[in-house]
Amino acid sequence: MVRRAHNYERESEAFYDRLADHFDDSFDGFLASFFKKFILKQLEYPQNSRLLDVGCANGRLLEMLNHKQALEGTGLDISSNMVKIARIKHPDHKFIQGNAQSLPFEDASYDVITCSASFHHFPDPDRFLEEARRVLASGGKLVIAEIHLPVITRLYNWRLNRFSTEGDVKVYTSRELRQKFEKQGWQLLRKKIFFQIQYYEITPKAKEE
């Protein structure tokens with residue numbers, strides 16, 4: 001397959017900057033809402049957990065989770081416009097513009113990291129997994145909710161490469177994600193697939209003595 005040249009991060013930033021002020025009413029926002037609702041239903045965490053949402057958009061997931069159970073929320077997004085709106089909509093949480101592959105946070109600073117329909121935007125997902133491990137506290141977990149298209153994955157990825165200008169890099173099969181987690185030293189805590197959503201809770205494997 002001939003690959004088209006992309007600057008994925010620039011494409012993501014430009015696209016979501018344009019979408020920011022009407023994200024909830026957009027088609028992308030509509031699709032993203034299903035992933036947020038699924039995470040809300042599935043995820044359990046202790047009271048007042050330190051939670052980082054990577055690819056937070058306008059901060060809606062943090063607010064939904066906070067209503068379920070109180071947390072200390074931080075959101076990170078590549079779009080500065082999304083971050084500005086998130087700060088206005090949800091002033092009780094902290095929002096930062098930044099790169100998922102170079103998380104601007106100290107080591108062991110979060111108990112839970114969520115990544116809702118964002119993993120397929122990362123040009124270097126292995127680097128993100130390394131960074132997530134670094135900023136997770138001992139016993140912490142990473143939650144990834146991603147697109148699940150088991151029959152048409154290759155065709156869909158071809159279409160993304162040829163035509164997408166939204167910073168979409170690759171949609172992964174369930175097998176590819178499990179292999180990636182294993183290779184990067186993560187242990188699977190929980191997996192659930194529901195129609196077009198695949199959901200994972202993973203934690204860093206204990207280092208061998």
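Sequential numbering from 1 along the given sequence is applied to the chain's residues.
- Judged as a ring pair (Phe, Tyr, Trp, His ring centres under 6.0 Å), and not counting sequence neighbours, the contacts of F105 are Y110.
- Pairs passing the ring-ring contact (aromatic ring centres under 6.0 Å, His included) check and including a residue from residues 123-152, sequence neighbours excluded, read F122-F128.
- Applying the salt bridge (charged side-chain N to carboxylate O under 4.0 Å, His left out) definition to pairs two or more places apart or across chains, none involves residues 75-97.
- Under the 3.5 Å distance criterion, the side-chain polar atoms of S49 are matched with a main-chain donor or acceptor of P46.
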Determine whether E9 and Q101 satisfy the following criterion, side chain to side chain donor-acceptor pair (under 3.5 Å), listing intermediate values before the conclusion. CA-CA 10 Å; E9 292 172 339; Q101 292 146 156; 2.7 Å; yes
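- In this structure, Y45 contributes its side chain and L65 its backbone to a donor-acceptor pair below 3.5 Å.
- With sequence neighbours left out, the ring pair (Phe, Tyr, Trp, His ring centres under 6.0 Å) criterion links F181 to Y200.
- Connectivity analysis of hydrophobic side chains (ILVMFWY, heavy atoms under 4.5 Å, direct or indirect) links I85 to nothing; its cluster partners are none.
- Applying the salt bridge (Lys or Arg N to Asp or Glu O under 4.0 Å) rule to E166 yields no partners; only residues at least two apart in sequence or on another chain are considered.
- With respect to E13 and R10, no salt bridge is recorded, no charged nitrogen being found less than 4.0 Å from a carboxylate O.
- Sorted by first and then second residue, the pairs that involve residues 188-199 and meet salt bridge (charged side-chain N to carboxylate O under 4.0 Å, His left out), not counting sequence neighbours, are R190-E201.
- Contacts classified as salt bridge (charged side-chain N to carboxylate O under 4.0 Å, His left out) and involving residues 44-67 (residues at least two apart or in different chains) are given here: E44-K68, R50-D111.
- Remark: Y172 pairs with F119 by the ring pair (Phe, Tyr, Trp, His ring centres under 6.0 Å) rule, at least two apart or across chains.
- With hydrogens and angles disregarded, a donor-acceptor distance shorter than 3.5 Å links the side chain of S33 to the backbone of F30.
- Under the rule for a ring pair (Phe, Tyr, Trp, His ring centres under 6.0 Å), Y156 has no partner lying at least two apart in sequence or in another chain.
- Partners of D124 according to the salt bridge (Lys or Arg N to Asp or Glu O under 4.0 Å) rule, which considers only residues two or more places apart in sequence or in another chain, do not exist here.
- Although no hydrogens or angles enter the test, the distance criterion places a donor-acceptor pair under 3.5 Å between the side chain of H121 and the main chain of G167.
- For residues 14-43, the set of pairs meeting the salt bridge (charged side-chain N to carboxylate O under 4.0 Å, His left out) definition, not counting sequence neighbours, is empty.
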